[in-house]
Amino acid sequence: MERQRSEEVIKKGPWTAEEDEVLLNFVNSYGPRDWSSIRSMGLLPRTGKSCRLRWVNKLRPNLKIGCKFSAEEERVVIDLQARFGNKWASIASYLPGRTDNDVKNFWSSRQKRLARILQSPPKSSNSQRSKGKATAVPEMATSQVTRTSV
DNA sequence: AAGAGGTGCAACCGCTCCACC
DNA sequence: GGGTGGAGCGGTTGCACCTCT
């Protein structure tokens with residue numbers, strides 16, 4: 001019973017503004033550490049893991065939230081990925097304001113797109129579904145293909 | 001105007017490494 | 001020296017939004 005209760009307490013899914021605020025207050029007071037104590041102190045019904053992730057990806061100061069990767073950042077990611085492989089945290093450390101999750105998502109999106117481009121025959125450009133969100137692809141694609149295919 | 005397809009983002013899960021007891 | 005717990009990292013998945021047909 002008790003165990004069941006303690007499991008029920010853990011919340012998952014999207015974070016609310018209130019939770020963000022509590023997490024920020026905690027970090028301001030104790031610093032970005034001891035994540036598991038957030039739950040043990042009864043501040044939030046979230047795991048330490050979840051709290052750390054939320055802070056790192058969304059609440060940390062100086063994050064470039066909602067800001068697309070610049071051409072320069074893309075180049076850095078491509079270059080560092082070639083050097084380090086999928087060491088996203090290491091790569092992110094070279095990109096101020098970017099998180100490992102950002103870099104990881106950016107890279108996997110590019111990979112998917114590249115795969116699609118390479119698979120699809122070079123039909124007329126009309127058939128390309130270039131979304132507004134996903135514009136700067138073609139140039140990227142070529143430079144990436146050469147590197148990733150190694 | 002509606003439906004289908006594709007993209008990007010946020011979050012969770014499992015594994016590995018490190019520090020402490 | 002070994003065991004346990006916590007933190008960090010990488011991979012994967014689901015959802016919402018946007019564009020095109």
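This one's a predicted model, so the numbers in the text were calculated from it and none came from an experiment.
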Give a yes or no on whether a donor-acceptor pair under 3.5 Å exists between the nucleobase atoms of dG14(B), that is its base, and the side chain of K49(A).
-> yes
OP1 or OP2 of dG5(C) less than 4.0 angstrom from a side-chain nitrogen or oxygen of S36(A), does that happen here?
-> no
For R54(A) and dA11(B), is the shortest distance between a side-chain N/O and OP1 or OP2 below 4.0 Å?
-> yes
In whole angstrom, give the distance that lies between atom CG of D102(A) and atom C1' of dT7(B).
-> 15 Å
Reckon R46(A) has a side-chain N or O less than 4.0 Å from the OP1 or OP2 of dC12(B)?
-> yes
Nearest to the side chain of D34(A), which nucleotide is it out of dC9(C), dA11(B), dA7(C)?
-> dA7(C)
Below 4.0 angstrom from OP1 or OP2 of dG11(C), is there any side-chain N or O of W88(A)?
-> yes
Rounded to whole angstroms, how far apart are CD1 on I10(A) and P on dC12(B)?
-> 11 Å
Would you mind classifying the nucleic acid contact of G13(A) as base, sugar-phosphate or nothing, using non-hydrogen atoms under 4.0 angstrom?
-> sugar-phosphate
What's the CD-C1' distance between E19(A) and dA11(B), to the nearest Å?
-> 12 Å
Phosphate contact (dC12(B) OP1 or OP2) by T47(A) side-chain N/O below 4.0 Å | no
Has N101(A) got a side-chain N or O lying under 4.0 Å from the OP1 or OP2 atom of dA10(B)?
-> no
Please give, in whole Å, the distance from dA10(B) P to L63(A) CG?
-> 10 Å
Determine the minimum heavy-atom distance between R98(A) and K68(A), stating which atoms define it.
-> NH2-O, 2.9 Å
For R52(A) and dG8(C), is the shortest distance between a side-chain N/O and OP1 or OP2 below 4.0 Å?
-> yes
Is a donor-acceptor pair below 3.5 Å formed from side chain K104(A) to base dG11(C), judging by atom type as modelled?
-> yes
Polar pair under 3.5 Å, donor/acceptor by atom type, side chain N105(A), base dA10(B) | yes
Please determine if a side-chain N or O atom of K112(A) lies less than 4.0 Å away from the OP1 or OP2 oxygen of dT7(B).
-> no
Would one find a side-chain N or O of S109(A) under 4.0 angstrom from OP1 or OP2 of dT7(B)?
-> no
Whole-Å distance, W55(A) CH2 to dA10(B) P, equals 16 Å
Rounded to whole angstroms, how far apart are CD on Q111(A) and P on dT12(C)?
-> 12 Å
Looking for any heavy atom pair under 4.0 Å, which part of the strands does S108(A) touch: base, sugar-phosphate only, or nothing?
-> nothing
Rounded to the nearest angstrom, tell me the gap between atom CG in L53(A) and atom P in dG6(C).
-> 18 Å
Does W107(A) make a side-chain N or O approach to OP1 or OP2 of dG11(C) shorter than 4.0 Å?
-> no
Measure the acute angle between the ring planes of Y94(A) and F84(A), then classify it against the limits of 30° and 60° as parallel, tilted or perpendicular.
-> tilted
Of the non-hydrogen atoms in A92(A) and D100(A), which two are nearest, and what is the gap between them?
-> CB-N, 3.6 Å
Looking only at dC9(C), dA11(B), dA7(C), the nucleotide nearest the P14(A) side chain is dA11(B)
Quickly work out the R60(A) CZ to dG8(C) P distance and round it to whole Å.
-> 11 Å
Option from L95(A), V103(A), D102(A) for which side chain to side chain contact (heavy atoms under 4.5 Å, CB included) with E73(A) holds | L95(A)
